Amino acid sequence: MVKLNEHYTEIGNNYLFAEISRRVKEYKDNHCGEKVISLGIGDITQPIAPAVVDAIIEATKEMSRTETVRGYAPYEGYDFLVQAILKHDFTDRGIAIEADEIFVSDGAKSDTGNIGDILGTDNRIAITDPAYPVYVDTNKMAGRAIELLPCTPANRFVPAFPETAADVIYLCYPNNPTGTALTKSQLKLWVDYALKNRSLILYDAAYEAYVSETDVPHSIFEIEGAQEVAIEFRSFSKTAGFTGLRAGYTVVPKSLTAKTSTNEILSLNAMWRRRQSTKFNGTAYVIQRGAEAVYSPEGQRQTKETIAYYMQNAKIIKSGIESLGLQCYGGVNAPYIWCQTPDKMSSWEFFDLLLNRAQVVGTPGSGFGTAGEGFFRFTAFGQKDDTLEAIERIKNI
Ligand code: PLP
């Protein structure tokens with residue numbers, strides 16, 4: 001009989017969004033014709049930038065001609081995209097990353113989930129709580145011990161250092177789900193911690209494009225010393241509406257090393273390349289051309305317009321919820337607003353209240369970890385009219 005990876009029995013069902021759908025369906029079945037507005041999903045709603053769509057169409061046409069058809073893409077991404085990433089995201093910002101430190105992928109979920117393939121299962125892992133569920137679940141799948149670092153209003157969502165020195169630390173800023181960010185000086189303390197303890201920081205910067213404040217870094221590599229301690233994950237999903245197109249990239253500096261049980265020191269860059277070339281077959285050419293177009297002048301203008309649209313929704317949500325006397329966090333450098341539930345209600349009680357009394361759906365904070373209990377996440381990824389209406393309805397409860 002086939003034996004299961006036992007660790008899969010420890011992760012439980014991914015029930016958060018399934019349970020939300022179940023409750024919404026039940027409500028709709030009992031209240032025919034009522035419009036339910038979702039401020040819950042973390043998915044894009046606005047059309048993809050014309051510059052990106054045009055580039056994808058042109059690249060698709062190339063596929064119809066013998067002279068220009070393309071097959072498997074390079075594991076690390078086409079040079080045209082790697083060079084565009086290098087210039088716009090790093091060189092122009094004064095960050096010295098090299099082309100062979102960039103690995104184009106099909107998105108940050110795969111990469112943040114797969115990075116554990118090259119890390120030993122006996123590493124001590126620290127993960128912020130609440131968090132994007134991929135970090136905790138994939139480490140549980142591998143059987144690693146995890147220390148959670150609570151992020152709450154008491155510490156202003158800046159996690160305290162782990163009690164026992166961690167080998168690997170997951171940081172996600174701007175943060176999903178809390179919408180909060182770290183300033184450069186706050187992030188520097190983590191880089192210094194990692195340098196001192198010889199830890200590896202796995203830095204998820206999927207929401208980098210939403211940074212609006214000048215003292216908030218777009219990349220961990222803006223911090224001195226970070227290339228000695230950090231891997232960074234980037235995504236075109238929220239930057240340019242690629243949640244359905246699929247593209248991202250990961251930066252693995254060549255200075256990063258890890259040791260084997262016999263104390264051999266090996267390059268993480270070489271190991272990640274080895275991993276990708278074995279298990280990953282490249283991001284589609286047409287999608288990489290679309291991603292390249294994000295960096296064109298029109299692509300930049302158009303994607304920034306969409307981000308501004310979402311961030312206007314964020315403002316509407318934040319000021320609307322705050323006017324009800326509820327404490328809100330985030331929404332300035334991220335498309336998420338993290339609000340404290342009223343009267344010590346649980347996250348799910350507040351969910352039911354909003355659904356039943358305002359027909360508005362959000363995401364219960366407890367679904368992102370224990371420290372999320374008593375909180376609720378609203379997302380700015382909606383239509384403006386719906387967002388305005390949702391807030392009015394909540395005000396009228
Ligand atoms: N990282 C964080 C923090 C996210 O919130 C998400 C998506 O919601 C991802 C990564 C996934 O990004 P991608 O669509 O590139 O897989």
Side-chain angles (χ1 to χ4, degrees), residues 14 16-17 20 38-46 48 52 77 81 85 89 102-116 127-139 149 151 157 159 169-182 187 201-211 216-220 230-251 276 280 282-284 287-288 290-291 294 303 306-307 310 314 330-331 333-338 362-363 365 367-369 372 377-382:
N14 184 2
L16 176 64
F17 288 99
I20 291 174
S38 176
L39 301 183
I41 48 155
D43 200 353
I44 58 126
T45 56
Q46 296 307 298
I48 291 155
V52 172
L81 179 55
I85 289 169
D89 290 347
I102 292 170
F103 296 82
V104 173
S105 72
D106 63 356
K109 183 174 189 175
S110 317
D111 287 359
T112 52
N114 291 332
I115 195 73
I127 303 176
T128 53
D129 177 17
Y132 179 53
V134 171
Y135 319 144
V136 168
D137 286 356
T138 55
N139 278 290
L149 310 175
C151 295
F157 299 94
I169 303 146
Y170 286 75
L171 296 178
C172 169
Y173 290 99
N175 188 259
N176 176 18
T178 66
T180 56
L182 290 188
L187 186 56
I201 296 176
L202 298 178
Y203 193 74
D204 186 344
Y207 296 95
E208 158 282 325
Y210 291 79
V211 168
V216 173
H218 289 254
S219 164
I220 194 167
I231 289 176
E232 179 163 295
F233 303 94
R234 294 283 197 103
S235 170
F236 290 95
S237 285
K238 310 299 161 65
T239 305
F242 274 56
T243 53
L245 296 173
R246 311 304 308 143
Y249 68 88
T250 289
V251 183
Q276 288 297 80
F280 179 63
T283 303
I287 300 302
Q288 293 197 49
V294 171
T303 51
T306 304
I307 288 171
Y310 290 137
N333 296 294
Y336 297 116
I337 294 94
W338 189 243
T363 311
F368 297 99
R377 189 192 78 171
F378 291 102
T379 91
F381 293 118

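The structure displayed is predicted, hence computed values, not measured ones. Just follow the structure's listing: the first ligand is 1, and inside any ligand the first atom is 1. Basis for what follows: all heavy atoms, side chains included, without hydrogens, waters or symmetry-related copies.
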Should Tyr207 and Tyr336 be marked as a side chain to side chain donor-acceptor pair (under 3.5 Å) after you check the CA-CA gap, both sets of side-chain angles, and the distance that decides it?
CA-CA 10 Å; Tyr207 296 95; Tyr336 297 116; 2.7 Å; yes
Go through it in stages, so that I can follow the logic: the residues are Val294 and Phe242, the test is side-chain contact (heavy atoms from CB on, under 4.5 Å), and I'd like the CA-CA distance, side-chain angles, deciding distance and then a yes or no.
CA-CA 10 Å; Val294 171; Phe242 274 56; 4.0 Å; yes
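The protein heavy-atom contact nearest to atom 9 (C) of ligand 1 is Tyr132 OH, 3.3 Å. The protein heavy-atom contact nearest to atom 8 (O) of ligand 1 is Lys238 NZ, 3.0 Å. The protein non-hydrogen atom at the shortest distance from atom 14 (O) of ligand 1 is Ser237 OG, 2.5 Å. Of all protein heavy atoms, the one closest to atom 2 (C) of ligand 1 is Asp204 OD2, 3.4 Å.
With a heavy-atom cut-off of 4.0 Å, Ala108 touches ligand 1 through backbone and side chain alike. The part of Tyr135 lying near ligand 1 is the side chain, judged by heavy-atom distances below 4.0 Å. Contacts with ligand 1 closer than 4.0 Å are made by side-chain heavy atoms of Tyr207 only, the backbone lying farther away.
Atom OG1 in Thr250 sits 9.0 Å away from atom CG in Asp204 (nearest 0.5 Å).
Remark: ligand 1 and Tyr336 share no N or O pair separated by less than 3.5 Å (distance only, no angle test). Any N or O atom pair closer than 3.5 Å counts here, and Ser110 shares no such pair with ligand 1.
Below 4.0 Å from some heavy atom of Gly107 lie the following atoms of ligand 1, by number and element: 15 (O), 16 (O). Short contacts between ligand 1 and Arg246, defined as distances under 4.0 Å to a heavy atom of the residue, involve ligand atoms 13 (P), 14 (O), 15 (O), 16 (O). Set against the non-hydrogen atoms of Asn176, the atoms of ligand 1 under 4.0 Å away are 3 (C), 4 (C), 5 (O).
Side chain of Gln288 to main chain of Gly77: no donor-acceptor pair is present (N/O by atom type, distance under 3.5 Å, no hydrogens or angles). A donor-acceptor pair under 3.5 Å is formed between the side chain of Thr379 and the backbone N or O of Ile41.
By the 4.0 Å heavy-atom criterion, Cys172 is counted among the residues contacting ligand 1.
Trp338 and Phe368 have perpendicular rings, their planes meeting at more than 60° on a 0 to 90° scale where under 30° would count as parallel.
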